[in-house]
Amino acid sequence: MPKPKKPRIKSTVKKAAQSKATKKPSLSKPLQQVAALPVRQAADGGLEVLLVTSRETRRWIAPKGWPMKGRKPHRAAAIEAREEAGVTGQISKTPAGHYTYDKRLPDGSAVPCRVAVYVLTVTRELPSWREQGQRDVHWVSSEAAAELVQEPELAALIRDLARSMSAEDVIVP
């Protein structure tokens with residue numbers, strides 16, 4: 001079985017991230033990222049969230065990545081969900097919210113990132129996908145998802161979303 005490829009950050013993004021890492025964190029403008037928050041209706045009528053592990057630290061996260069040239073942010077988020085979690089569906093055109101975190105770089109430094117989160121109502125789980133085997137994926141209740149993610153703002157966003165979404169908001173495939 002071939003060894004999984006190391007993740008690549010586009011060289012321009014990597015250079016920008018590394019140059020920002022040399023500045024004082026309070027003065028540096030956060031880099032922008034997009035994320036999809038895959039959701040579905042649970043058997044009990046509640047909300048389930050699909051989380052994935054990051055490749056390096058193996059912490060639980062929402063599928064996310066850098067904006068893509070020529071793509072609207074919500075479309076880029078949907079692509080990240082397909083590549084990282086193997087799911088497709090209906091993506092919201094406006095973000096449900098934002099969260100910030102410090103992205104660790106290969107040299108050990110970190111840069112602040114601000115992530116726009118788009119809700120993806122999952123209608124299909126793919127039998128295979130690009131990063132299958134490189135990440136763990138797991139459907140969990142919204143309450144468990146809020147506990148598993150390490151970013152407090154993302155946890156709050158998940159909790160708020162679970163309170164505000166009704167069963168009619170989640171498409172049942």
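- Nearest heavy atom pair, residue Ala96 against residue Val119, reads CB-CG2, 3.8 Å.
- Between the side chain of Thr53 and the backbone N or O of Asp136, at least one donor-acceptor pair lies under 3.5 Å.
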>> Before you tell me yes or no, could you show the steps for Val111 and Asp102 under side chain to side chain contact (heavy atoms under 4.5 Å, CB included), namely the whole-Å CA-CA distance, both residues' side-chain angles and the distance that decides it to 0.1 Å?
In response: CA-CA 5 Å; Val111 297; Asp102 287 332; over 6 Å; no

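- At a threshold of 4.0 Å, the pair Arg40-Glu48 counts as salt-bridged, since one of the basic side-chain nitrogens sits closer than that to a carboxylate oxygen.
- The nearest pair of heavy atoms linking Ala77 to Val34 is N-CG2, 3.8 Å.
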> Does the side chain to side chain contact (heavy atoms under 4.5 Å, CB included) test come out yes or no for Val49 and Ile158, once each step is laid out?
Replying inline: CA-CA 8 Å; Val49 177; Ile158 292 169; 4.3 Å; yes

>> Run Leu50 and Val122 through side chain to side chain contact (heavy atoms under 4.5 Å, CB included) and show every step you take.
In response: CA-CA 9 Å; Leu50 183 66; Val122 174; 5.6 Å; no

>> Could you go through Leu120 and Val39, starting from their C-alpha distance and side-chain angles, then the distance that decides it, and tell me whether this counts as side chain to side chain contact (heavy atoms under 4.5 Å, CB included)?
In response: CA-CA 6 Å; Leu120 176 75; Val39 299; over 6 Å; no

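- In this structure, NZ on Lys103 lies 5.5 Å from CH2 on Trp66, to the nearest 0.5 angstrom.
- No hydrogens or angles considered: a donor-acceptor pair under 3.5 Å links the side chains of Tyr101 and Gln33.
- Atom OG1 in Thr100 sits 11.0 Å away from atom NE2 in His98 (nearest 0.5 Å).
- Salt bridge status for Glu151 with Arg59: present, with a side-chain N to carboxylate O gap under 4.0 Å.
- Residue Arg159 forms a salt bridge (Lys or Arg N to Asp or Glu O under 4.0 Å) with just one option from Glu143, Glu147, Glu153, and that option is Glu147.
- Sequence neighbours left out, the pairs with a member in residues 83-92 that pass salt bridge (Lys or Arg N to Asp or Glu O under 4.0 Å) are Glu83-Arg130, Glu84-Arg135.
- When all heavy atoms of Ala85 and Val137 are compared, the closest pair comes out as CA-CG1, 4.0 Å.
- Paired with Pro63 under the rule side-chain contact (heavy atoms from CB on, under 4.5 Å), one option of Val52, Val87, Leu37 passes, and it is Val52.
- Contact record, Ser92 with His74: O-CB, 3.1 Å, taken as the closest heavy-atom pair.
- To the nearest 0.5 angstrom, Trp60 atom CH2 is 13.5 Å from Leu154 atom CG.
- Arg82 is linked by a side-chain contact (heavy atoms from CB on, under 4.5 Å) to Ile79, Thr88, Leu126, counting only residues two or more places apart in sequence or in another chain.
- Between the OH atom of Tyr118 and the CD atom of Glu80 there is a distance of 12.5 Å, given to the nearest 0.5 Å.
- When atom types are taken as modelled, the side chain of Ser164 and the backbone of Asp160 share a donor-acceptor pair closer than 3.5 angstrom.
- Separating the SG atom in Cys113 from the OH atom in Tyr99 is a distance of 9.0 Å, to the nearest 0.5 Å.
- Remark: the backbone N or O of Ala144 is paired with a side-chain donor or acceptor of Ser141 at under 3.5 angstrom.
- From Ile61, atom CD1 reaches atom OG of Ser54 across 5.0 Å, with rounding to the nearest 0.5 Å.
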